[in-house]
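Structure record follows, encoded as structure tokens.
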Number of protein chains: 2
Amino acid sequence: MLEKSHKYITCSTCVGRKSSLLGSLCEDEIDHMNDHKACNYYKKHQSLFLEGSFPRGVFCINAGMVKIFQRGDEGKEQIIHIAKAGEMVGFRSMFSEIPYKVTAETLEESNICFIGKDDFLNMMDANPVLRNGIIKELSRELADRADFITNMAQKSVRERLAFTMIILLDIYEKEPINLSREDLANFVGTATETLIRLLKDFKEEGIIEVQTRKISIINKEKLFSIAGK
Amino acid sequence: MLEKSHKYITCSTCVGRKSSLLGSLCEDEIDHMNDHKACNYYKKHQSLFLEGSFPRGVFCINAGMVKIFQRGDEGKEQIIHIAKAGEMVGFRSMFSEIPYKVTAETLEESNICFIGKDDFLNMMDANPVLRNGIIKELSRELADRADFITNMAQKSVRERLAFTMIILLDIYEKEPINLSREDLANFVGTATETLIRLLKDFKEEGIIEVQTRKISIINKEKLFSIAGK
DNA sequence: TGGAAAAAATGACCAATATCATATTTCAAA
DNA sequence: TTTGAAATATGATATTGGTCATTTTTTCCA
């Protein structure tokens, strides 16, 4: 259970911050940010922002996980990214000055801070390291999305599932993957039924272990060879 | 036919530049860039850079068109983007400091200038407008790629073809689309045969007109309604 | 300008995966 | 602990779109 009061979250001690884009801030900047941020406790399935709305700032995840998705024509979600503690979300649309094209929603209870647009842009102006870090991050994500597109376009659902699980392995680290079958299907880009059948195959092939919702990967090598990496 | 000698291309008169990310440069900066750029004439099907190699700078397209693609496991190309006069290519990987994940290759004869990495980064440091323009551009492209992913994941090939043609309409403007069936298939993410069959359907439905290679869109509305926008 | 090579087109067939229907399990609230 | 709803699972079936084989057309260049 997370601490529901947020008065204890301070930027200077935030574990996520240090390894994030905001790791380069000096003490003054951290203090300034700390004074200007607002922290919130989010329950599971709460949204940070909605597709179509205008960005007012950025969100820093102190604890928890957030799915970033788009809704297709029939309302089916396509998950684009899953963000975890230490990551910032919502800044891409803020820079592009267009409404959000994606929705961000917690996958579990989370502590998330908010920094207003002007405060954040000022920090960027004053801090070349932060600025360059952001440019680098945006560029990396573009490269990742190119891979994502090629995978979607050219690979079978089975291969895409393997690829997605490798991504999830990175996100969940030692923890078992804890996503609904539907979310998983919406990340892979397939029907929930197809996903369930493939999970069964993977289980029978000794690639994963399943405990209802939680999926542990027990044969990484096989996963990599299926994904074709 | 393009002028094969490049001595006539100067940044100050470059038509593409003015509407590009480099439109904000002051006279001094333009002169500096002009002194440090190298221009080249490229034939059709020549590459600017290859997947896996390290970026040394950025390319500015003065005239012509360039396809940006990734090669999937069986060597099949997935086109991610088509860049035209006025666009810069190659800077995304340069920022992320990882090798190119994509290959850039001319679709037709082109005049393209090159600016070295250090020169370009210095220009960026000195010019906040340029810097912010690039951040904005990267963010916009991220948003576009999210759409691309959702389309790939959730739409039929027919819908994706319509969507792709809308993108191409933007690129080719008044000109008819001039791409091989294979390139078109590799942009849509389908087999060449499937693409050819769908083009035939579109022709019979009065959406496009085809003159061997060149495709003109004669019913935009229908295209939009198929793409679901 | 002819001829070879590349590109485009067409047909037949099949596999992958979506869809729809229904059953079973899990979970959380009363 | 029960119970109802949501999530997961399974089966049957339909369909899209990929593959392979072949033909026709276009392009390019010697």
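Quick caveat: nothing in here was measured; it's all calculated off a predicted structure. Proteins get letters first, then strands, A, B, ... in listed order; numbering begins at 1 in each.
For the pairing with B:His81, the side chain to side chain donor-acceptor pair (under 3.5 Å) check across B:Glu87, B:Glu141, B:Arg145 returns one residue only, B:Glu87.
Evaluation of the ring-ring contact (aromatic ring centres under 6.0 Å, His included) rule for B:Phe114 yields B:Phe59 as partners, not counting sequence neighbours.
Side-chain contact, B:Glu109 with B:Tyr42: no donor N or O sits under 3.5 Å from an acceptor N or O. Side-chain atoms of A:Gln70 and B:Asp147 include a donor-acceptor pair closer than 3.5 Å. Side-chain atoms of A:Ser47 and A:Glu105 include no donor-acceptor pair closer than 3.5 Å. Between the side chains of B:Thr13 and B:Thr10, a donor-acceptor pair is found at a separation under 3.5 Å.
Atom CG of B:Asp183 and atom C1' of C:dA6 are 14 Å apart (whole Å). The NZ atom of A:Lys214 sits 14 Å away from the C1' atom of C:dT26 (whole-angstrom rounding). B:Ile208 has its CD1 atom 13 Å from the P atom of C:dA8, to the nearest Å. In this structure, the CZ atom of B:Arg181 is 14 Å from the C1' atom of C:dT10, given to the nearest Å. Rounded to whole Å, atom P of C:dA8 lies 10 Å from atom CG of B:Leu184. Counting to the nearest Å, the C1' atom of C:dA18 and the CZ atom of A:Arg160 are 12 Å from each other. Taking atom CG of residue A:Leu161 and atom C1' of nucleotide C:dA16, one finds them 15 Å apart after rounding to whole Å.
Here chain A contacts DNA chain D (any atom closer than 4.0 Å to a heavy atom, that is under 4.0 Å), and the contacts span D:dT8 to D:dA12 from 5' to 3'.
Rounding to the nearest 0.5 Å gives a distance of 6.5 Å between NZ of A:Lys117 and CE of A:Met94.
B:Glu182 CD: 12 or fewer foreign heavy atoms inside a 6.0 Å radius.
Of the residues in residues 185-205 of chain A, those placing a heavy atom less than 4.0 Å from an atom of DNA chain D are A:Glu193, A:Ile196, A:Arg197, A:Lys200, in numerical order.
A cation-pi contact links A:Lys67 to A:Phe69, judged by a cut-off of 6.0 Å to the six-membered ring centre and 45° from its axis.
Toward the 5' end of DNA chain D, the nearer of the two residues B:Lys44 and A:Ser180, judged by each one's closest nucleotide, is A:Ser180.
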